Amino acid sequence: MDHAVRFGLNADPNVGGLAIAERIARIADDNGLEYVGVQDHPYNSGFLDTFTVLTWLASRTRRVRLFPNVANLPLRPPAMLAKQAASLDVVSGGRFELGLGAGGFVDAIAGMGGPRRTPGEGRAALSEAIDIIRASWAGEPFAHQGRHYALAGVQPGPRPAHGIGIWLGVVGPRAVRLVGAKADGWSVSAPYVPPDRLTELHPLIDEAARAAGRDPDRLVRLYNVMGLVTAEDRDTFHGPVRRWVETLTTLHLEHRMNTFVFWPGGDRERQSRIFAEEVVPAVRAALPG
C-alpha cells in the first residue's frame, strides 16, 4: 500500500434520503475522493438496509470505493457477510471494502434477536469472524468450530473481484490489537477516539502487527471527522477551509491517520461539496510529496 492520504464522504441510509445520499456519493466520485461510507445500524427504524444502499450507490458511481462504516457483526452472520461483501465487490467492479464492528448498542442488537455479548465476547467473536470471512473469500470449502460460530461445511463463493480490506471499528486498548494482528485497517470516529487518544492506541496496533509478522505501515488508519466547514473559526472540527487544512495535515503528520471521512452537520450536501472541492485539494497541496 502506498502512503498517499485518502478522503471520503459519509452518506446516511435515511429512509426518504436516498436522493441526498446519491448526490453526496456523486460529489465524492466526481471530485476524485476515494471513499463513500454508510453507517450500519439495522435496529434504527429510520434507516434503510446498509448493504442495499451500498449496492444502489455502486450502480450510480464509477470510481469511488464504498464501505459499511462499520457493518454490525452480531446481526450479520460472518459467512453470509462474506458472501454479501464479495457479491458487492463483483457487481461494483472491485470497489468495495469491509468495515466491521463488534456491535456497540447491545440492547438494540438483542432487541432484534442478536446475541447480547460482553466486550470480551465481542472481541472474540470479531476475531473468529475475520477468520471465517477470509476463508470464505479464499474460495475453498471449509468448516469452522469456534466459541461463537459453528459452520459444518461452507461452500463459499463468489470470490471477490479484488483483495477486499477488512477495517475494524474498535476503540478499546484490547480491541485495537486485533487490528494489527488480523485486519487491514482501523476505522474510528473523532468523538469516540479524540486526537489525544490516537497517540496512545497506535503503538498497540503496531506491536500486535509486528508480533504477527505484519507491517503496521500498510494499515489503513481511517478517521471519521464530524463537523462543519464554516466562516466562524470555533474549534478543531468547526472552522474555515484553512482551519480544516491545519487539522487534517496535523492528524496525518503528527497522529498518523491516513484516511479521512467527512460527516458534516447542517446542509450535508453543501458541506460535502465544500469539503470535496475546497478542503481536500488544499490538504493534498499542503502535504509533502
Side-chain angles (χ1 to χ4, degrees), residues 6-31 33-78 80-105 108-109 111-112 114 129 133 158 160-162 164-169 185 187 189 220 222 224-226 259-273 275-276:
R6 293 177 168 85
F7 300 90
L9 297 174
N10 170 70
D12 287 324
N14 292 322
V15 174
L18 280 178
I20 294 174
E22 179 183 4
R23 290 196 294 269
I24 288 173
R26 285 185 170 171
I27 289 169
D29 204 38
D30 293 343
N31 286 280
L33 274 63
E34 287 81 9
Y35 299 114
V36 170
V38 179
Q39 59 183 304
D40 186 35
H41 296 284
Y43 36 76
N44 187 328
S45 63
F47 283 177
L48 297 162
D49 172 66
T50 292
F51 277 77
T52 303
V53 173
L54 287 165
T55 305
W56 185 78
L57 291 176
S59 72
R60 283 157 171 77
T61 52
R62 298 165 296 154
R63 296 171 298 181
V64 73
R65 295 179 179 272
L66 302 132
F67 70 105
N69 196 12
V70 290
N72 190 297
L73 176 63
L75 293 173
R76 299 187 181 276
M80 193 62 215
L81 183 56
K83 191 176 191 74
Q84 285 180 296
S87 298
L88 215 163
D89 199 49
V90 169
V91 301
S92 68
R95 294 190 289 125
F96 181 78
E97 312 294 346
L98 180 60
L100 187 61
F105 296 91
I109 289 166
M112 285 192 78
I133 291 167
H162 89 297
I164 298 174
I166 298 176
W167 305 341
L168 302 185
S187 177
S189 301
V220 170
L222 186 154
N224 294 295
V225 290
M226 290 75 169
T259 303
F260 300 99
V261 173
F262 182 52
W263 296 51
D267 185 334
R268 289 174 292 146
E269 183 181 348
R270 177 177 175 274
Q271 283 286 307
S272 295
R273 188 173 297 282
F275 185 82

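No experiment lies behind these values; they were computed from the predicted model shown.
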Please report the shortest heavy-atom distance between Pro68 and Leu98, naming the atom on each side. CG-CD1, 3.9 Å

Pick out which of Val36, Val64, Leu88 makes a side chain to side chain contact (heavy atoms under 4.5 Å, CB included) with Arg95. Val64

Less than 4.5 Å apart, any side-chain heavy atom of Met80 and any of Lys83? yes

Could you tell me how the ring of Phe51 sits relative to the ring of Phe96: parallel (under 30°), tilted (30 to 60°) or perpendicular (over 60°)? tilted

Looking at every non-hydrogen atom in both residues, tell me the closest pair between Leu57 and Glu22 and how far apart they are. CD2-CA, 3.8 Å

Does a side-chain heavy-atom distance below 4.5 Å link Leu222 with Phe67? yes

Decide yes or no on side-chain contact (heavy atoms from CB on, under 4.5 Å) for Tyr43 and Leu75, but give the supporting numbers first. CA-CA 9 Å; Tyr43 36 76; Leu75 293 173; 4.0 Å; yes

CD1 of Ile27 to CD of Gln271: how many Å apart, nearest 0.5 Å? 11.0 Å

Work out which heavy atom in Ala28 is nearest to a heavy atom in Tyr35; give both atom names and the distance. CB-O, 4.2 Å

Closest heavy-atom pair, Asp267 versus Arg270, reported as atoms and distance to 0.1 Å, is OD1-N, 3.1 Å

Which pair of non-hydrogen atoms, one from Ile109 and one from Gly104, has the smallest distance, and what is that distance? CD1-N, 4.4 Å

Quick one: CG on Asp12 to CG on Asn44, what's the gap to the nearest 0.5 Å? 9.5 Å

Given side chains that start at C-beta, do those of His162 and Arg65 come closer than 4.5 Å, heavy atoms only? yes

Which heavy atom of Pro158 sits nearest a heavy atom of Ala86, and at what distance? O-CB, 3.3 Å

Between Ile20 and Asn14, is there a side-chain heavy-atom distance shorter than 4.5 Å? no

Would you say that Ile133 contacts Leu81 through its side chain, given a criterion of any heavy-atom pair below 4.5 Å between the two side chains? yes

Please work out whether the ring planes of His41 and Phe47 are parallel, tilted or perpendicular, with thresholds of 30° and 60°. tilted

If I take atom CD1 from residue Ile24 and atom CG from residue Asn10, how far apart are they, to the nearest 0.5 angstrom? 7.0 Å

Glu34 side chain to Phe7 backbone, donor-acceptor under 3.5 Å: yes

Within the 4.5 Å heavy-atom criterion, are Trp167 and Thr259 side-chain neighbours or not? no

Spatial distance of atom CG (Asp89) from atom CD (Glu97) [nearest 0.5 Å]: 7.0 Å

Ser189 side, atom OG; Asn69 side, atom CG - distance, nearest 0.5 Å: 6.5 Å

Check: Gly169 main-chain N/O paired with Ser187 side-chain donor or acceptor under 3.5 Å: no

Could you check whether atom CZ of Arg63 has more than 12 heavy atoms from other residues, nucleotides or ligands sitting under 6.0 Å from it? yes

One pair to check against side-chain contact (heavy atoms from CB on, under 4.5 Å): Leu73 and Leu100. What are the steps and the verdict? CA-CA 7 Å; Leu73 176 63; Leu100 187 61; 4.1 Å; yes

Asp49 and Arg76 ion-paired at < 4.0 Å: yes

Nearest-0.5 Å distance that lies between atom CG in Leu9 and atom CZ in Arg26: 14.5 Å

